[in-house]
Amino acid sequence: MCIFCKIAKGEIPAKILYEDEKTLAFLDISPRSKGHTLIIPKEHYETFEELPEEVAIDLIKAIKRVIKKLKSLNPDGYNILNNNGPVAGQEVPHVHFHIIPRYKGEKEEVIKLSPPVEVDLDGVLEELKNK
Ligand code: AMP
Ligand code: ZN
């Protein structure tokens, strides 16, 4: 069983911030900022595209609730991050969203998108047309 399934089943401890029937939110064990939270479906799905639509909607609702809660830490902004696949930086193979509150004057570098690369936009659009 994966580590987040074990957390969802209460088999290993976590600092739980929010819970409902389908979702769970807990503090990241290696926080990138004060209040860094992970939101997961209780059922095991590996990546975002595997989520049934209803579960994806439940997760979005939970994200909104957690952001409301985190507002009491007075962040100046926040990132919502979802990595899918090892090549995209996913380490735990159970779909999760990071909510990372951001504060003005943080010392750590804020995660940003990687630098732009050369891509033939018309070619990509052609490949994707009618898919
Ligand atoms: P990702 O790289 O998107 O798969 O992120 C996985 C995240 O899970 C990392 O930020 C880890 O710090 C976090 N993490 C791993 N194990 C635990 C745990 N037992 N409790 C809380 N967070 C964890
Ligand atoms: Zn799992």
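Whatever order the structure lists ligands and atoms in, that order sets their numbers, starting from 1.
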Run Y18 and R65 through side-chain hydrogen bond (donor to acceptor under 3.5 Å, both in side chains) and show every step you take.
CA-CA 8 Å; Y18 171 81; R65 285 173 193 166; 2.7 Å; yes

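With I7, I29, I12 as candidates, the residue nearest to atom 23 (C) of ligand 1 on a non-hydrogen basis is I29.
For an aromatic pair to be called close, the ring centres must be under 6.0 Å apart, and F26 with F4 satisfies this.
Centred on the Zn ion (ligand 2), the SG atom of C5 and the ND1 atom of H44 lie at an angle of 110°, reported to 10°.
Contacts between F4 and ligand 1 below 4.0 angstrom, taking non-hydrogen atoms only, involve the side chain exclusively.
Residue R32 approaches ligand 1 through these ligand atoms, each under 4.0 Å from one of its heavy atoms: 9 (C), 10 (O), 12 (O). Listed by number with element, the atoms of ligand 1 under 4.0 angstrom from any heavy atom of E91 are 1 (P), 2 (O), 4 (O). Of all the atoms in ligand 1, the ones that sit under 4.0 Å from a non-hydrogen atom of Q90 are 4 (O).
In this structure, H98 is part of the shell of residues with a heavy atom less than 4.0 angstrom from ligand 1. Residue contacts with ligand 1 leave out N82, since none of its heavy atoms falls under 4.0 Å from the ligand. Residue contact check for ligand 1: G89 places a non-hydrogen atom closer than 4.0 Å to it. Every heavy atom of L81 sits 4.0 Å or more from the atoms of ligand 1.
Both V119 and L128 are assigned to one and the same hydrophobic cluster, defined by single-linkage of ILVMFWY side chains at heavy-atom distances under 4.5 Å.
The nearest heavy-atom contact from the protein to atom 1 (P) of ligand 1 is H96 NE2, 3.1 Å. Remark: minimum distance from atom 10 (O) of ligand 1 to any protein heavy atom is reached at D28 OD2, 2.5 Å.
Here H94 contributes atom NE2 and I7 contributes atom CD1; the two are 9.5 Å apart, rounded to the nearest 0.5 Å.
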